[in-house]
Structures are given as structure tokens and as C-alpha cells.
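Note sheet for the following structure.
All values derive from a computational prediction rather than experimental measurement.
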Amino acid sequence: MASLQIQLGKIRRHVNSSLASQQQVAGTLYAIEETLKEQGNKPTPASYFASLLTLLEQQQDYENGLQEPILYLLAIILPFTPQPILRAKFTSIMGILSSSIDMSQAEAPVIKSVIKILETLLVNLDPNGWNQTIASKSFQSILILATDPRPKVRKTAQDAAAEIMVHPPLPLKHHPVSNTLATFCLKSLKSAGPKDSQALIHLLQLIKITVPGWSREQLTELCDPLIQLPKLNSSFITTAAFDTFGAIFEHASANFDSKQIESLLSIIVDMKPNINDAALSSSWHKIISHGYTAYAKENPKTCFETMATIFEVIFSDLELGKPAAQQSAANTLRVLLFKCIPKSGSKIELDQNVVLRLIKTLTSGLGYRFKNVWPVVLLLVAVTFESLGRRSLPAMISLLELISSMRMESDFEFKAEADATLGAAVSAIGPEEFLKVLPLNIEAVTGKVKDAVGRAWLLPLMKGYIHNTPLSYFKESLLPIADNLTVKGDEFKAKNRLTESRIFEALTQQIWALFSGFCDAPIDIVTEFDEDFAARLGAEIHETPHIRPYVCTGLQRLVQNICKIAHSNNQDKMDDDDDDNENIMKYEQANKAKVHISQFSPNFLLVLFNVFSQTAAPSRGYLFDTIQTLLLVTPKNEINSAFERVHGMFTGSLSSHVPPTSEQQTKLYIESNPPPVAHTMLDLLISMVNAVDREQADKFISSILPLIKQEEDHTLQKKAYKALYRLCDATEQSETVRISIRKALLPTLIPALTEATESTVSGSKRERLALLALLVKVLPSRELHIIPSLLSEAIISTKEVNEKARIAAFDLLLSLGHKMQEGGVVDTSKLVQAEGEEIEADEDSKKQASLEEFFKMALAGLAATTQHMISATITALARLMFEFHTQLRKEFMVELLDTTLLFVNTNSREIAKSSLGFVKVAVVALPNETLAPFLQKLVHGVLKWSNEHKNRLKTNARHIIERLVRRFGIDKISRVTPEEHAKLINNIRKRKLRSEKKAEERTNRNAAVGGEGFDDDLEKLAVPSGRKSKFGDAYQDALYGSESEISDSENEDGGDSDSMQVDNNNGGKASHASSKGNARKQKGSKKQNQLIHEDPWIHEDASGPLDFLDHRAFSHMSTAKPSEKPKSRSLAKEFKVKDGRLVIEEESDSDSDAGDKQKQNTAVVAGEEDPDYYRQMVRSKDGFTRSQGNKIKFNKRKSGEFDNDDDEDEDSMQVENAGGQRGKKNKNQRGGPHAVGKEYKAKGAKGDVLKKGRFEPYAYIPLNPSKVGSRQKNLGIKNTSKREKRRSAHGGGRA
């Protein structure tokens, strides 16, 4: 019923829609509901159904247009109508439909509604109902409409047929009309010809969607005509046939045996299409994926023996296929490797010949021919390792070595993919076998072995891929290597060779980083984790700071995994794809391991406590987590004993505790020094507080309650609140235990928290509010007098600077509201004044708790004397209204709106900002009938801030107006809008029209003819938008999200109002950025579509000529031209030196030109350009020019502004004031204030000089496109005319 009301509510809100179709449906719904109210009937699905059916029966004339909304509403109501009513009224409903509607002349929206009605009725029929002739005829009508040329009608009918077929009436296994469906489809398939391609495609779509309802015999008969369809030589029909086969294979395990699947697959494999046909190849690949998946389920051994052949066939598509075909081929190959290779749990012996064929194919894929798809091939290798597991060895050793050698090449492009493949190998075969194939050879680093290839780079790679591995390998093999590296590093450090020492220290850390992987519940934990090893770990924690994090992480993972298995009720079923079940810890082993680890946990805790007390606060978070984790396996008596000792130290330190000074609160001091002893001890108590018994917890509470009242040490107060919150939250316990703990602590905590209200510092607000929210949930109904004081604190806290504190304040508000909603009595006589005197009790002091009473308490904040409190109250009311608006009376909501809207017209920006937020939430949440009386007041109040730029008030106002336009229509909003704001409404109207026009154009381009119109508008009513939450909270989305639903692309044309005007400069930048983006897309597309078989480029380095016989030669080849590194030039060769002085030789113009030409030719031969240092200086970030008054003007440009303008000529730079007014900067000018022709200026005299090989000075003036207005144009012509006159007077030459 709730979901029905949600759908009907979406329809009701369109009663004022600008679309006639939506108004008609909403009006019909309102009329039916008014009739039900007059008759005294409740709005149940049955009453809606009866009213609609009666109304439909009264419609004799189709032209009056009421059938459409009635049928639409009936299609929505029927799924919620009780099944007995539908079965009883089936015959009468069908009679009314047949007499009221002529399906041959009905429009598409009517037919769609009728189909949905028939679907609901037929799905709810019992076996006896299907014996009626009208039921089978109705289903036949749906089948005929399933091939209708109108797309929406066809899609609706196909979905209805599929829904009917998958819901056979109980107790039948197959649907009674399955034979009707099969006969219809088979007859249509056999009679279809090449000319009926469109109808044939529609029929295949119907078969594909209804395959789950076909029987085995029917599907067997269907396969023969489907196989014949590719012979029609129509790619569309063939694609549709392949998709239908894919759907058949998805359900093949229930309909076919292995021999039938094998015969079908052999026929389909022979029908492999041309690889250049991407669409057809993709469909064929999907058939192979589904077919071999079904084949592997029926006969895994035979499927594996035959998969090598099809794997080789599809693998060639990676080289020759188009991108779409390559992607589908890669997916198919991955499915073949993952599904067709038997898992180790199946105990099927693998044929090694098949494995070798697969590995040979994958090895060939790492050749040069497949270089463009190496990432895909590496992924397939990783899947192969995952599927084979430990059975990968020894067959895949050569492939593993090949990938390692490729990865070690300096110019290898796909190192990330290779690392992932090597990591998959580590997970499959284990680190021990992996390092036997690819040894680390750390000795090569230390210098003991010179010829070995060092692979220290494998250490960080292996970190995330080690699991279910015996701890003995780390203890016996890797730990000695780490010790040797430590010794070697100490030797270098003693010799003051710090660089080498740091290298060995880094290698040691990388080995210890693997420790956490070996702690993933190893089965040998009882034997290998002995006292010596525990002592070694404790020593590393205490003495080696750079190893300490890795040891703590390993201990956390070890304890967590053991507890996870040991606390399970029964032994988890192991996956069949694990080939190493003997290395996975079982339920019994976990319990033994937990007992074993508990023997060492007290000693670990002692070490961790000491280290924790000596470590700076920012660096000990992992230590706190490790302590909490170890408490899970520590005996209860040991925890109580440790807690008592730490608590004694804590109380002792409080007597001598001195609050930190301002110097001790600086970031540098906090990061380099441990905090005070009281802070440290309190942190340790917090870590253990949920694991101690009740007696210890009570002592702890009594010692920290005074701390929440003191204000000298803010950190100590915050930690005290945190301790109380952890004690009440108790996430380790069940919900029942948590509630009992809160109830037990409530009498003690509430008075203390009330007294500490005034002394709470800002840093403790979050923890305090969260604690109060927990306690309010268990507050007794007789103690609700505390709510008013908590409410005021929650309201003012919604304005906290800290975001988490604000969120906690909103949570407290909602907790208070829900508690008041539960009912009870609020006795205000129990309130305590600040002086300690109680309010006298009277008859009015007791009030019944309710939501309205709670809102009245909150409304009292509007009478505050400070703007801050009024703003906070409005913000709190907005949150409460959004949460509880559906549970309040309409009259109360009207009063709430009337009161709050008074503050929209205030002159305070702080209050106005909160008021606009309240208005926006109201517009989003409240129904139209509640908002309609306040429409004029809303619009006038919001538009007051439409010209205020501070605090985003203008933006918020515009978004609210757009919301109102969508709710009430543009005409209603225009009528209540003041004249001075008419431009804003006109602009919204134009943008809305443009958006609708573009949407209509997209619909016309993408949709076929028929079915549009009425149903397009109505489908949006009942179907949720499916839009994801932007902020993760509905209230945040309403307040901050969905600010403008008009397309952003329409902002480009905004000259209709001041708020939408776009500066020409910004527009130019946007256009330039857009062109750059398009160019990048075109460049990327060109690179993506680049042919594989281009002339290769060879990368050569200083190591010598490329050896083409080396298997690594292909990594030095590329189809793209390699980038050349610029060669450094020696300035010493550019000058002559004589007697220690620079010699500068002056040249004539002819000599200079000859020298320039020779240098230019040399540069062309060398493939380099002669750098223009003057141009680089002028156009640089720090460049400057001189104006006409010989004043220096700096460019003041951003770096890189002219990075893409190197190909422009210097003479093409624009004049600062060319064609414009003197003294004004041209914002559109790129290149800054640089005068054209400055290079012609004489050095020793006024005027200009001629340069040989260049244009005459001022022979032309580059025009600025932005200076083409009428005034600038006339000025330019006038200036040019003056220059021409001067030129004529001087007898030509320069202008």
C-alpha cells in the first residue's frame, strides 16, 4: 500500500502541470479520490479498482479522451489489487475492455496500458482460469503485439509475454500457453523470408526474452530454424540469431544434455563470422562464452579437452579484430579460462597437452605481433594462474620468466599490468614456489654474487598477494635475509656511507612488510609461533621503530582472522576453486590457535603500553588499534588486572597534571614529543574500557566525570567524552547489551552532562552531542523534561564550524524528535534553574509529548535576541520539517511556513541564508497544495536576494525560483513576480524552452515513429528517476544538491538577464578550452584507431646494437615514433676566447645573412630549429616591454600561456592599442603588451632602419578581431589615412 501511495503521489503533484496529458491523469485521480471520500470508502486498491472499472464501463464514446487516463491508472492499481478479486473479475474486466476499446484503431499509449492490464490479469490466473478461451486469446493478442512495428508497444508486449511465461500457475511446472508461444514463434520463423527482416528481428527478440519459459522439446525444435537464419546473408538477422542462441545457452543446463550442447557448439564454431564485422563477431563471442559455460557444467572434463582449439581460434581475433571485436574476444577468452578449466576441488586430472597448448598460445601473445594488446594478454595469463593454482607449475615456469624479463626492461610500457600478473602468480602458487622460479638474488645487491640478476623489485609487488601461506617460510627463509641486510646496513652506517645504509634499511622494511601476508590465518601457527618468535616480535616492536608498524599490522591481521573463523557458528564451506585446501585454517584449528595466541598477548600488551607511552600522539594510531585487537584474545582476568594498574597510574597523574602550554600545543612539538602522562593513560583506558567488568567500569566513570566539567585542559575533556561515548556505544556487544548498558548509565550521566553544558569547549562538541544522541534513545518517558535544554544545545550546535559536530547536532535533533514522537509527559516543573531553584508545579507544567509540541519548543528559538541563534533555529526547523513533514497536520505545517517565511525578508544575511535554505527544503519536500497559498510570499521574499552576491545568496535564490517554476509552471510564477525581476523569469523561460527543444530533437533522432506523446509524459510519474545521491543523505541532497536541472550547455546563451551575461573574454577562453578538448579527443581517437601493422621504430641505447635473436628484442620496438630528447648545447663553443677575454666579431649585413642562412640549413639537416632567445624573453612569464613613454611594463602572465604558440611568427604579434583607444589594455589580446615593429627601431637615433631580408617597417598592421566596432573601425581608417598622407608627402617608402 505504501508503494502504491508513492506512485499515486507522483501523479497528484502534476495537477498543475503545463502538459495537458499529465493534468488529465492527475485530475482523474483527484476526482476518483473525492468520490471515495463522499461515499465514505477508504482509499484501498480494491476501492480504486472498483471506481476505475465503473468509470471505464461508462465510457461509451472513445472520442471524449477519458479512456487513456483511466486505463493508465488502472494499469498502476491492478498490481496492488488482491489476487482473489482479479480472478473473480477477470471475465467482467475482459468484457469491458473488449466493448470499450477498439484495439485496431487505438493509439499507442492506450495499447500499452491495455497490455499492462492483461499482463497483471494473466499472471494472477489459476490453472482453471487458463482453460477459458478468452485467456488464450488475450495471450495471442500479446504475441501479435510483440512484433508490432511501434517500438514502445512492441517492447511492452514482449516484457508482458516474458513475465507471463516465468510465472506459471501453481502447481504447474510449465506454463499452459508455452505450446501456444512455441507454435507461434516456430511457424513465424519457418515462414519468414529475406524480405521480412524487420519482423524476423522482432520475433527473435521475443524468443530471446521468453526462453526461460520454453521446455526442452520446444528448444530442441527451435534450434534447427535458428541455425538456418545466417544463410539469409543479413548481418542484422544473424546478430539477432546469435543473441538468441546466447540466451538459450544461458538456460542450457536445464534443457540440454552435454551431447546436444556439443553438437550445437560445433555448428556454431563453424559459423564464425569475418573478424572485420565487429557487431557480428561480438555476438558470436557471446554465444561461445555462454555455450562453453553450459558445456563446462554438464561435462567439465570433455569441455576442458576441447577448449584449447576454440581458444586458439578466438585468440587470433586479438591481433586482427577491431577494438569492439577485440574487447569481446578478450572477455570470451577470460570466460573460457575461468569457467572451462576444472577447479582443484573437482578432482579432475588435467590433460597436460591441453595446458601446454594454452600456454603456447599465451606465450605467442607476448610477441611483437600482439604488442598493442599486451595488457589483455597479461590479464589472460593472470586468469590462467588463478584457474590453475598450484597446478600452474612446472608448465608455466617459462611464461613466468618471460614476463619477469619483460618487466625488467627499462622502456617496458605495461609494468602495472605485468605486476598484476606476477601478483596473481604469487597468489596461485605461493611465495615459496614463486621465489624458487624468480629468486630475489639479494646477494647481487650486497655484491657477493656478481652475475646474478637482482630482483629486489619483487618485494613490494608481493605484499598484497600473499595469503593462506605457512608462517614457517617467512620465519626460516625471509627473516634470515632481513637479518643479513640489517647487519650489512649497520656496517655501511659505521663507515658513514649513509646512502648504502638507507638502501639496505629499505630492503629490510620491504621484507618485514610481507609479514602481514603470512599472518593470514596460517595453519602452522601453533608450532611456529613459539616463545622465541614472540620474543623476537616484541623486541622489534620495542627497539626498531621503522619495523614496528609492520609487526603490529601482522599481529592485527593474525588475531582478526583467527577470531573470525573461531567465532563462526559452524565451519565455513571452502570454495572449490582453492587448490590448496590444506593451507586454509579450519574451525577447530582456529580455536586452538586462539588459545595459543592468548598465552603471548599479555606480554605483547605490556610492550605496546610502554611503546605507546613513549610515542608522539600523531604516530601511535596503529598502536592503539593493535592493543584493541589483542584484547580479543587476552584472558578476562589479565585485562582487568592491566586496567586496574593503568587506572591507578591515571588517577595518580591527575594530581600532578599541568595543562599544556601554548608552546606545547604547537604542531611541531606535538609531532616530536609524547603527550602528558594523563593523556596517555586515558587513551589506554579508552582502549580497554569495553573489555572490563562492571565494577572497573564504574570506577572509571567516577574518575572521568569531573574531567568533563573542567575547562583548563581541552584535550583531557575531549578524551573524557570519547571514553563515555565508547562505553555507551559498545560496538563489540549486541544491541540488547548496548541498550542495557545505556539504561544503567543514564541516571549517572544525565545530571553530570547537564551540569557540564556551560563548560563544554568547542573541540568536545562532537563527542558530547554523539553521547547525548545515544542516551536520548533510552530516555524514559517520565524523564522527558530534559529535552528542552538538550534541544537548545542541539540547535545552537548546528552552527558549529566543525562539520562532524554539525552532523552530530542534526542526529541529536532527530533523536529528540523521535523520542517526543513516542509519547510521554514533559513536566517542566522538574526543570532546574541556574540558581538551583525548581520551578513551581502547576496544571500547565505537564504537557503531552508529541511532534507538534517538539516543533513548538524549537520555534521558541525564533524569539532569540541574537541573529546567530535565530539562524540556527531556522536551520534546525528545516531539518526537522524535512524529516517529519509527512507526520504533521496540514494546518500545523501552514502555521510553521507562515511563521518562518517572515524571516526571508530580513536584512540580516546570516538569517537570510538559513531562511533560503528552509525555503528550498520546503519547495522540495512539501506538496503543492501546502505551498500554493504562500506562493506570492515565497517569490517576493526569495527575489529580494536575487541581486545579492555575497554568501551565494543570488545563486540560491535563482535555484529556488527554478524549482518553483518546475512545481507550479512558468505562468503562475510570472503572475506573482514583481516587474523589476521579470527579466530573470524570461531568461528561465527561454532556457527551459531550449532544453525542451533539444530533448525533443534527441528523441526524434533516436526513437522510431509511433508510441510517443502521452505515455512519454506519464511514464515519468510512476518510475523513479534512479538518480544517485550526491551527498549520501537525502536532506543534504535537498539543501545543497539539485541546484539547477536545466542543462548546463544552455548557459552559453545568457544575454537575457544580468545574471546570465557572459563576458567575452571568458567565452573566448571557454571556446579555446573546448577546441583543445576536441583536439585531444581527435588525437586520442586517431591513436586508438591506429593500425597495428605500421613500420616499426627501434629504440637503441648505449648498450650497443639491438640483438634481434634475443627474445626481449620486441620490447625495443614501437609503432609510434619515439620522442627525441633535446641535446644540450655548450655555450662555450659559441664564443671565441683570446687571452682570457671574449672576442665579439662584427659582421656586415651580407655576412650576417649568409651566416644565418648557413646556420638555418645546418639546423634543418640536424632536425633542430634555431632558438629565438629574444622571443622567448619577451613571451616568458617574467618578460617585459617598454611603452611609448619608455616605461617598463611586465607581462604578468601565467606560466605556460604561450606554450602552444611556438610556431607563430614574431611579426604576427598584435599591437597593444592597434585600432583601439590608447592607454587601455586589450583583454582579448594573447601575448601581452608587445609593440609590432620594435626590432626596426634605431639604436643611436630616432626613427626606424631597414633590415635586409625583412619587410619594410610598418608595411602592414595586424588587425585585432575584437577591435572591429564602428567607432574603432572609423578610428582605424582615420589613422591609416593620416599615415598614407605622410607617406605620400615623403615620396613613398615607410608609412
Side-chain angles (χ1 to χ4, degrees), residues 311 314-334 337-338 358-387 392 396-428 434 437-438 453-465 1083-1094 1096-1101 1103 1106-1108 1110-1123:
F311 188 87
I314 300 177
F315 196 84
S316 61
D317 294 347
L318 295 177
E319 177 189 7
L320 304 174
K322 294 182 178 180
Q326 288 179 342
Q327 182 66 30
S328 62
N331 293 334
T332 303
L333 293 173
R334 183 180 60 83
L337 291 172
F338 190 75
L358 293 175
I359 294 173
K360 182 179 179 181
T361 304
L362 292 173
T363 305
S364 66
L366 294 176
Y368 175 72
R369 291 189 307 147
F370 293 85
K371 183 174 182 180
N372 282 3
V373 292
W374 275 356
V376 176
V377 178
L378 291 171
L379 173 63
L380 295 177
V381 175
V383 175
T384 306
F385 272 113
E386 183 180 355
S387 299
S392 304
M396 298 189 69
I397 290 179
S398 58
L399 188 57
L400 194 59
E401 292 175 343
L402 174 60
I403 295 174
S404 174
S405 61
M406 293 169 62
R407 169 62 175 78
M408 294 179 67
E409 292 295 326
S410 59
D411 52 356
F412 185 64
E413 302 177 14
F414 310 109
K415 291 186 178 181
E417 291 81 359
D419 289 347
T421 304
L422 294 174
V426 174
S427 298
F434 179 81
V437 179
L438 300 175
V453 178
R455 297 188 182 90
W457 54 272
L458 288 174
L459 289 173
L461 182 149
M462 297 168 57
K463 180 180 178 181
Y465 296 97
K1083 183 177 180 180
S1085 177
K1086 182 177 180 182
K1087 182 177 180 181
Q1088 183 178 1
N1089 297 329
Q1090 189 178 17
L1091 295 177
I1092 299 176
H1093 302 289
E1094 293 183 355
W1097 296 81
I1098 299 176
H1099 297 266
E1100 291 187 349
D1101 48 25
S1103 59
L1106 184 63
D1107 184 8
F1108 287 96
D1110 189 357
H1111 67 276
R1112 295 175 295 179
F1114 50 77
S1115 64
H1116 294 270
M1117 298 181 183
S1118 175
T1119 56
K1121 181 179 179 180
S1123 58

Got a second to check how far [X]'s [atom1] is from [Y]'s [atom2], nearest 0.5 Å?
{"X": "Leu380", "Y": "Phe315", "atom1": "CG", "atom2": "CZ", "result": "6.5 Å"}
{"X": "Met396", "Y": "Thr384", "atom1": "CE", "atom2": "OG1", "result": "5.0 Å"}
{"X": "Ile314", "Y": "Thr361", "atom1": "CD1", "atom2": "OG1", "result": "11.5 Å"}
{"X": "Leu422", "Y": "Arg455", "atom1": "CG", "atom2": "CZ", "result": "10.5 Å"}
{"X": "Ser364", "Y": "Leu362", "atom1": "OG", "atom2": "CG", "result": "7.5 Å"}
{"X": "Glu413", "Y": "Asn372", "atom1": "CD", "atom2": "CG", "result": "9.0 Å"}

Side-chain touch [X]/[Y], heavy atoms, less than 4.5 angstrom:
{"X": "Thr363", "Y": "Leu402", "value": "yes"}
{"X": "Met408", "Y": "Ser404", "value": "yes"}
{"X": "Leu333", "Y": "Val383", "value": "no"}
{"X": "Glu401", "Y": "Val437", "value": "yes"}
{"X": "Leu400", "Y": "Val381", "value": "no"}
{"X": "Leu459", "Y": "Lys463", "value": "no"}

Listed partners of Ala330 passing side chain to side chain contact (heavy atoms under 4.5 Å, CB included), at least two apart: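 If we apply the side chain to side chain contact (heavy atoms under 4.5 Å, CB included) test to Ala330, skipping adjacent residues, the hits are Leu318, Val376.
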Parallel, tilted or perpendicular, as decided by the 30° and 60° cut-offs, for the rings of Phe414 and Trp374: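 Perpendicular, since the angle between the ring planes exceeds 60°.
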Indicate the atoms forming the closest heavy-atom contact of [X] with [Y], along with that distance.
{"X": "Lys415", "Y": "Ser410", "value": "NZ-O, 3.7 Å"}
{"X": "Ser387", "Y": "Leu337", "value": "OG-O, 2.9 Å"}
{"X": "Ala424", "Y": "Phe385", "value": "O-CB, 4.2 Å"}
{"X": "Gly365", "Y": "Phe370", "value": "O-CB, 3.1 Å"}
{"X": "Gln326", "Y": "Asp317", "value": "CG-O, 3.7 Å"}
{"X": "Tyr465", "Y": "Ala420", "value": "OH-CA, 3.8 Å"}

Criterion side-chain contact (heavy atoms from CB on, under 4.5 Å) on Leu458 and Val426, from CA distance to verdict: CA-CA 10 Å; Leu458 288 174; Val426 174; over 6 Å; no
Residues which pass salt bridge (charged side-chain N to carboxylate O under 4.0 Å, His left out) with Arg407, listed by chain and number, not counting sequence neighbours: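 Once residues adjacent in sequence are excluded, the partners of Arg407 under the salt bridge (charged side-chain N to carboxylate O under 4.0 Å, His left out) criterion are Asp419.
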